[in-house]
Every structure is written in structure tokens, then in C-alpha cells.
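So that the names make sense, note that chain A is the first sequence line, chain B the second, and so on, each numbered from 1. Heavy-atom basis, side chains included; hydrogens, waters and symmetry copies ignored.
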Amino acid sequence: MSDQISDRRAKLEKLRALGVEPFGGRFPGVTPNAEIRTAAEKLNLQAGQTCEDEAGRFRAAGRVVLYRDIGSLIFLTVRDWTGELQFGLSKKMLVEGIEGPRGQGAEGPSGRGAEGNEESSRLGSSDLRTPEPALPVLDGQTQWKLAKLLDLGDIVGVDGRVGRTKTGELTLWAGQLTLLSKALRPPPSKWHGLTDIEARYRQRHVDLYSSPESQRVFLLRARIIDLVREVLRRRGFVEVETPVLQPIYGGAAARPFMTHHNTLDRDLYLRISPELYLKRCLVGGLERVFEFARCFRNEGISPRHNPEFTMLELYQAYGDYHDMMDITEEIIAGAAGDVIGTYAIATKRRSDEATKGAVGESQAAGGVGAAGESASPVERLIDYTPPWPRWKYADLFAEHVGFSLADIAAARQRARELFERKETSFDERKADDEVVVNALFEHYVEPRLVNPTFVLDYPAALCPLTKRHPHDPSLALRFEVFVNGMEIGNAYSELNDPDVQRATLSKHLRGEEGETMAVMDEDFVEALECGMPPAGGLGIGIDRLVMLLTGSPSIRDVILFPLQRAMCVSARDQLEVSEQVAADVAPQRPTHAKSAGDSTASPPGGPGG
RNA sequence: GAGGGUGUAGCUCAGCAGGUAGAGCAACGGCCUUUUAAGCCGUGGGUCCCGGGUUCGAGUCCCGGCACCCUCACCA
């Protein structure tokens, strides 16, 4: 075990000996740091001045990120999820009790303890809730000793008054200091946070508390999802939940994860798409439905692919894919404008990629072409201002590939050239015509679609779940939206003819490597036979959307806990050490944990039910 | 699955012609009532990712493995 951890454990015992509970308890009435800052601005405090009246009293809490001990005076920089604030701890103030100790009831002045008051009025009369035992009020001497034992990473609370130091820094001068949680492991440096990308993914909790930029991404993700819900509710959609465990997978072309239900003794798949169930909802008369569907695809991992990801899917009865274009624009441009605050958002690259990656890239690209621009990272500014251009698939193909997609001979020849030059592993000899054409489309066209672009009217053979174009049955009423060369949305005028559906699901296209959308689901086709209203359907990759809007270079930067390989041996050793410590500590816990002794109920930490 | 890169103290990183493993921050002891990544004095801290090999001697060279990042392929 590292010395720093044992040092901190030693402090833990010192604190207990002083009568300080190191892991705190309920601490109601906390004002977020950002709010304290805003409120304090209005007080117009001079440097060196502390606010003497009620308007300057606050209760604040957060994690200690900087600790400056000047002897009889300690300054803490404390961070919560709204920002940072300096706490001032003065020996004189704490020991002599200049602020006067206040009991647990101290909710702060009226208007600020609102949260606490509301809770107590709601819960106060209820016998169901026994109030948590108040933390013992510490005398001034003990509080000062506590202040001296604080470490970076500890979570503390303070009741105090705002003021400004000689240098003008806004400071909450503590009348009372409360330890809310001791940190037994040291945090990463405040200035660098975790820069090791692997550590950021494996120990996301550390990444989050040490990097406000990382926290910001996930707070924005939540707001983007909120905004999507608002847009859809306003349009009359209802949110539903459909099965993740499915007897037959469908709705997309992908390899599934398999699992098994023991009691039913039946193999099941984790869904690759919610589509077929949401359409059953349409059959059932739920006319506008959506789902934030966690989907699972057993395929490669890349900066744009995670084995589990979140897809928004929605279906609107009596609509078509043009309605879906409007919704797509409203959702994505709306999220850019309302959540991010601008229609112009830059993409980013890994910061270390600029130097390290460039070496490998230029070597790899050495034979391919003189495009030495890869040496410098590309940051693109993407413009989400609606409306977005709408191009036909065939037109884009002709423009960028150089001949008509009807010229199959030319397409096959071009595909063979790419294959022979090893620019792609796609072998046209094993593929049907439409698959060859689409491979060229993906190679030549998609990377060039940087600003948001709708691509309309795909070859019907590629779209087994889509209604045919009324004037040209070789086309499907489908669009995909691309941003920064990446597909982020896909929509159809939904196929609702059960006979056509049965036929397309029965037909397997060659060239899809065994992955095909055409998995026959007789139960689904029977549902269509009951009559599904004509409808527009849309899917948007939420993770990718969040990537784009937050300028994150990898999908793993927008997924809290991305899947990682098993940890290496040394990391497991560390875990074993932790378990050893837990075993050592466990027997003495009851002296501090009151509930453990007097309760026959649930095990510690259990839900109690 | 193929190719390239990375792995050194709690964190961020140096070190390389093979010759006792370094800095800043963090930690530990001491001083300081207005600091701003506080400062000053002193101290401790390493399976140089793991396993082999070459060598008198390997963090450094060679081989194998693991993890992560990037590119390509499959896919959203």
C-alpha cells in the first residue's frame, strides 16, 4: 500500500480519536458555489471586508482541490459541480467561536435554506422517517485540529460569511467546519487532472472530480437529452420502453450479443435496435412513440463505435421521411443552439494525437499519397444552421464517384481497383450490385459530408424495412444524415405492407458478411398484417450527437463507463490489497456505525427490501 | 482481425552511447493570520507494464506477452 494512503488512514484514526465522524451525514441547506459567487457580487464587498449581516451567511460544501496552510490561517479552494470557491479557516475565528457554533438546524437565512425547509415540512410530520442523528457539534479547538488534518480530496462543509481578502479574492470565512467525507486516496494534480486516457476511462470517478471539462461533457449530455424529450413532447410523442432481451434480433444490420434465460431455457439476444417493437406500438395505436434505446452490437470498437450505445428512435403515424427531416433539424440544430449556445461547433482531436499519432500516420500514409496534411491535426468548424442541404443519393454518387450508379460495370471495376490497391478490404466479387455501389458511396461520398447533410432515396435493396418510392421501385424512401463524415441519423417512410415485408426479410443480400437486416421475424410480419398506419420513423445516435456537440474526439469521452478489457495483473494486485484492508477494518466498525448494532434488518449498504 | 505508437514515484513528465533512477506538484517533520498552483528549511518515496534473452552490468538493446491510444477493416 502506498505511503500516502497509509498516511491518510492514520489521519482517519486521529480524527475518530478527536470525536470527528470522518464520513459525515446529512448536511441540508447547501448553497452551490456559483450561487454564492453571484450573491456575493451584489454585496459590493471591498478588499479586506467581510459581510456582517445575514445576506452574507452561507452554507457551502465541496471537494478540497487546493490547501494552503499559512500557520494560523488556512485557505482551501473547494470545488462543487457549479464551480470553485475559496474557504478561509482562521484559528482565532474557529477556536474563539467568533461566528458562534450553530446547531444542525442552521439552514442559513431565510430564502436560502429553501431546500431544507421544504424537505422538513414534507417529511416532518411523517413517522416513517426518523431523522438522521445530528453530527456531533465540534468545539472550536477540535474544528481547528480538523482543519489541520484536512487533505486534498476531502469533502468538507462550511457555515460562514463571505468576504474579500486583501487581494480581493472572494472567500467564505468559516464559522463552523464540518468534515463530510475523508478521502483515503490522493487526487491527481489539480492542474493536470488525469491525462492518461486509459485511467480516465477506467477510473471515471476520479476523472470526473478532477476534471471539470469531463464533468461538463456529461452534464451537457444530460441537457441534450432533456432537450430532445422537450421537442418530442411538444410534438405529441410519448416515451415507451421496449425489450432489450429479444428472442429474434432485428431492425439493423449487426451481429448481436447472445445470452440465455435459465428458467425458460431459451437463448435470447440483446437488442441491436428497438425498431420492430416500436412498430408494434404503432400497430397498437400508440401513434407517436419514442425511446432512448440502449443497443448492443457485438462488433469492433473504435472512436465512433462502442459495444453498447444509445439510440433515439421515434415513429410518427401518418407521417413520412420528410417529417423526420424536420424533426432531425429541430432536434440537432436545437440542441446546438439551446444547449451549446451556437450553431458553429468545432471538432477536436486528441491532444496527444497531434504529436504522437502524426508519426504513425505519416508512415502509414507514406505510400498512399502526398497528402501530408495528416501531420497537423484537423479541427473543423461545423455549421448546424438550419435548413440543411438535401441531396439525392444518386446525385451525390455521380458527383463524387464520377459516373452513374446505374453503371454497374464501372462500379465493379472501381471497387476492384480499390481492393487491389488495398485501400479497402471490400471484395466486390462476393457482393451484389447494390452492395458494391454502397461501398463506393461510403468510400467516396460520406467522408466529404462535413456540414450536416441529408442524403435521400437509397437503393431499395439496401433497405428491407423501408417503403418503396412510388415512381421508382428501385429506390427506398429513406434518408441518412451525415455530420463530419459520420452517420448520425437514419430515417424511413416505414414499410407497412406485410407481404412486401415478408419478401424483403426473406431475401439475403450477398456481401454483407453474414450480417444482414433480413432476419425473418414472422411474429413481426403478423403484426403488420393487423394493419400498421403509414408512418415516418427516425433513429439518431445520441452518443455521436453528444460527441459532435461537445467537440469530443471519441465516443468513449461521452460514455461514462466505456467497456474496457480486463485489468492487468498489477492492477488486480492492488484490488487484493484493498480487500485485505477491508477485512482488517471490518471488525472495529460497529463502534462507529450505530445502525450496525441495533438493527436486525438489512445488511449494510443493502436496499433493505 | 492487420499496421503504427505509448507504458518510469500518488499525479504530470524528464532520462537512453547500456554504468548507483531524476524534477515539479503531492506526501512526512518544522516555521508563518490574507494565501492565489503561497513561501522557506529538512525528510521519505520506484517490481522503470509483465516474462524471457544478450551483457561484467539493461529503464535503455533483442524476443514474447498484456493494456491503452491512433489508422484500416466490419458497423451506427
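- Every side-chain contact (heavy atoms from CB on, under 4.5 Å) that A/W391 has, sequence neighbours left out, goes to A/P389, A/L396, A/T453.
- The separation of B/U35 from B/G45, taken at their C1' atoms, amounts to 28 Å, rounded to a whole angstrom.
- Among the heavy atoms of the strands lying under 4.0 Å from A/D69 is at least one base atom, whether or not backbone atoms are also near.
- What separates NE2 of A/H443 from P of B/U71 is a distance of 15 Å, to the nearest Å.
- Taking only side-chain nitrogens and oxygens, A/R68 comes nearer than 4.0 Å to OP1 or OP2 of B/A38.
- In this structure, CG of A/L194 is placed 16 Å from P of B/C68, rounded to the nearest angstrom.
- For B/G39 and B/G24, the P atoms lie 12 Å apart once the distance is rounded to whole Å.
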Every protein N/O lying under 3.5 Å from an N/O of nucleotides 23-27 of chain B:
residue	atom	partner	partner atom	Å
B/A26	N3	A/Q4	NE2	3.1
B/A27	O2'	A/D7	OD2	2.5

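- Taking every heavy atom of residues 163-171 of chain A and every atom of RNA chain B, pairs under 4.0 Å involve A/T165, A/K166, A/T167, A/E169, A/T171, by number.
- Using a 4.0 Å heavy-atom cutoff across all strands shown, A/N306 reaches at least one base atom of the nucleic acid.
- Using a distance-only test at 3.5 Å, with no hydrogens or angles considered, no donor-acceptor pair links the side chain of A/T466 to the main chain of A/L477.
- Residues passing the salt bridge (charged side-chain N to carboxylate O under 4.0 Å, His left out) test with A/R63, sequence neighbours excluded: none.
- Taking atom C1' in both B/A9 and B/U43, the straight-line distance is 15 Å, to the nearest Å.
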Verdict with supporting geometry, A/R412 and A/D433, salt bridge (charged side-chain N to carboxylate O under 4.0 Å, His left out): CA-CA 8 Å; A/R412 286 197 178 273; A/D433 292 349; 2.8 Å; yes
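- For the C1' atoms, the distance linking B/C68 with B/A26 amounts to 25 Å, nearest Å.
- Comparing B/G7 with B/C48, their P atoms are spaced 15 Å from each other, to the whole Å.
- A sub-4.0 Å separation between OP1 or OP2 of B/C11 and a side-chain N or O of A/T195 is absent.
- The gap from the P atom of B/G44 to that of B/G29 amounts to 15 Å, rounded to the nearest Å.
- By the side-chain contact (heavy atoms from CB on, under 4.5 Å) test, A/A47 is found to be paired with no residue, residues two or more places apart in sequence or in another chain being considered.
- Rounded to an integer number of Å, the gap from CZ of A/R255 to P of B/G1 is 11 Å.
- In this model, a donor atom of one side chain and an acceptor atom of the other lie less than 3.5 Å apart for A/H192 and A/S189.
- Within 4.0 Å (heavy atoms only), A/Q86 reaches at least one base atom of the nucleic acid.
- Checked against ring pair (Phe, Tyr, Trp, His ring centres under 6.0 Å), A/W388 has the following partners two or more places apart in sequence or in another chain: A/F454.
- Separation of the P atoms belonging to B/C49 and B/A21 is 15 Å when rounded to the nearest angstrom.
- Of the C1' atoms belonging to B/C13 and B/G46, the separation is 15 Å, rounded to the nearest Å.
- A/N298 and A/Y269 form no side-chain donor-acceptor contact under 3.5 Å, judged by distance and modelled atom types alone.
- Checked by atom type, the side-chain pair A/N490/A/R478 shows a donor-acceptor distance below 3.5 Å.
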